[in-house]
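Nothing here was measured: the structure is a model prediction, and the numbers come from that model. Note on naming: letters A, B, ... go to the chains in the order of the sequence lines (proteins, then strands), and numbering restarts at 1 for each one.
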2 protein chains.
Amino acid sequence: MKASFAKVPTPLELELHQEGRRLTPQRKKVLDLFQRIGGGKHLSAEDIHGKLIQSKSRVSLATVYRTLRLLVKMGFLHELELSEGGHRFELLSQDHPDHHHLVCVNCGRTEEFESDQVVLAGKEAADKQGFKLLESTLNVRGLCPDCI
Amino acid sequence: MKASFAKVPTPLELELHQEGRRLTPQRKKVLDLFQRIGGGKHLSAEDIHGKLIQSKSRVSLATVYRTLRLLVKMGFLHELELSEGGHRFELLSQDHPDHHHLVCVNCGRTEEFESDQVVLAGKEAADKQGFKLLESTLNVRGLCPDCI
DNA sequence: GTGCGTGCAAAATCTTTGCATACGC
DNA sequence: GCGTATGCAAAGATTTTGCACGCAC
């Protein structure tokens with residue numbers, strides 16, 4: 001007999017329970033939203049709150065903020081400080097651990113890219129100063145083709 | 001006869017006048033402060049306001065914000081978005097046009113470094129997407145020797 | 001049932017802005 | 001003297017927090 005009807009715990013659920021925390025519908029909805037829209041999207045807390053409200057999900061903005069901070073600390077999301085007007089969050093996927101951003105300073109359009117050279121340069125700088133590297137992100141600011 | 005008693009206009013004064021703007025004591029004091037403490041220091045608007053008040057200079061916080069935005073636009077200062085709790089500003093010197101930051105996520109200590117590889121990688125990414133590159137900065141986050 | 005998480009609203013930050021006055025040019 | 005810049009205070013924008021209630025465990 002297979003246990004095919006047993007609920008499969010999500011990674012989020014597992015990790016929460018390890019720390020004595022709980023998987024609430026709100027937390028699930030926030031992470032689900034990021035997973036539905038896919039990686040490479042940069043959302044503000046207001047964006048997330050708005051989208052959840054639109055999809056008939058009752059979540060308060062305060063809880064969105066609390067959940068975002070939690071998911072960042074747990075490593076599911078990544079916090080960006082690219083633009084004016086508040087921080088953005090993106091899904092952190094295993095496929096793109098250290099990616100960088102190309103931002104148009106005029107229209108805000110952002111593109112992502114990866115570069116081993118950059119990761120290596122960051123690692124060398126950290127080593128030289130005796131730092132333990134956690135992450136390195138290159139922010140390239142410029143004008144996109146439409147804004148030149 | 002030498003014009004040795006003529007006041008020598010500062011670059012700030014010259015550039016302001018070209019745009020029909022004025023060199024006020026407040027603007028002079030803000031830029032002077034950055035030049036006195038030297039490059040590589042990262043100050044918040046509050047820091048700057050506090051230091052000016054301490055040195056008996058009457059400048060309002062609103063003017064500090066307005067002046068910082070102006071000096072960034074004029075290219076005298078550079079705006080950083082490294083840390084939580086507001087933006088920081090640093091003196092932009094000709095010696096270190098494109099430098100990067102190593103930040104300790106625990107204590108906030110920051111070190112600067114330069115890397116041609118990083119600048120090159122940023123340029124390549126911009127070219128590939130058709131962006132006109134303005135600046136690129138690598139933010140390396142980690143733990144400094146004291147916080148490991 | 002226990003105690004963590006949520007919602008609400010108020011508070012705390014950080015930054016910008018309107019307007020009358022001051023002053024660099 | 002003209003018009004920009006300042007100071008002040010109020011408004012705005014974003015994020016955090018205190019507290020009572022609700023719900024995941």
For A:S60, side chain to side chain contact (heavy atoms under 4.5 Å, CB included) partners two or more places apart: A:A62, A:T63
Find every protein N or O atom lying less than 3.5 Å from an N or O atom of nucleotides 20-24 of chain D, and list the pairs.
{"unit_1": "D:dA24", "atom_1": "N3", "unit_2": "A:R22", "atom_2": "NH1", "d": "3.4"}

Rounded distance in Å - [atom1] ([X]) to [atom2] ([N]):
X     : N      : atom1 : atom2 : answer
B:E19 : D:dA5  : CD    : C1'   : 15 Å
B:E15 : C:dG24 : CD    : P     : 21 Å
B:L43 : C:dC14 : CG    : C1'   : 16 Å
B:R69 : C:dC14 : CZ    : C1'   : 13 Å
B:K28 : D:dA5  : NZ    : P     : 17 Å
A:L71 : C:dG5  : CG    : P     : 12 Å

Between A:H99 and A:E90: side-chain donor-acceptor atoms closer than 3.5 Å: yes
Set of ring pair (Phe, Tyr, Trp, His ring centres under 6.0 Å) partners for A:H42, sequence neighbours left out: A:H101
A:F76: partners by ring pair (Phe, Tyr, Trp, His ring centres under 6.0 Å), with sequence neighbours left out: none
Who else is in the cluster with [X] when I, L, V, M, F, W and Y are joined by side-chain contacts under 4.5 Å?
X      : value
B:V118 : A:L102, A:F113, A:V118, A:F131, A:L133, A:L138, A:V140, B:L102, B:F113, B:F131, B:L133, B:L138, B:V140
B:I53  : none
A:V119 : none

Residues touching DNA chain C, which here means a heavy atom under 4.0 Å, drawn from residues 55-68 of chain A: A:R58, A:V59, A:S60, A:A62, A:T63, A:R66
Would you mind writing out the side-chain donor-acceptor pairs for residues 30-37 of chain A within the sub-3.5 Å range, not counting sequence neighbours?
none

C:dG24 OP1/OP2 closer than 4.0 Å to side-chain N/O of B:Q26: no
Counterpart residues, side-chain hydrogen bond (donor to acceptor under 3.5 Å, both in side chains), relative to B:Q129 (two or more places apart): none
Relative orientation of the end axes in the helix from C:dG1-D:dC25 to C:dC25-D:dG1, expressed as an angle to the nearest 10° (five pairs per end): 40°
Contact summary for B:G130 and A:P145, nearest pair of heavy atoms: O-CG, 3.4 Å
Of all pairs that satisfy salt bridge (Lys or Arg N to Asp or Glu O under 4.0 Å), the ones with a partner from residues 38-65 of chain A, not counting sequence neighbours: A:D47-A:R88
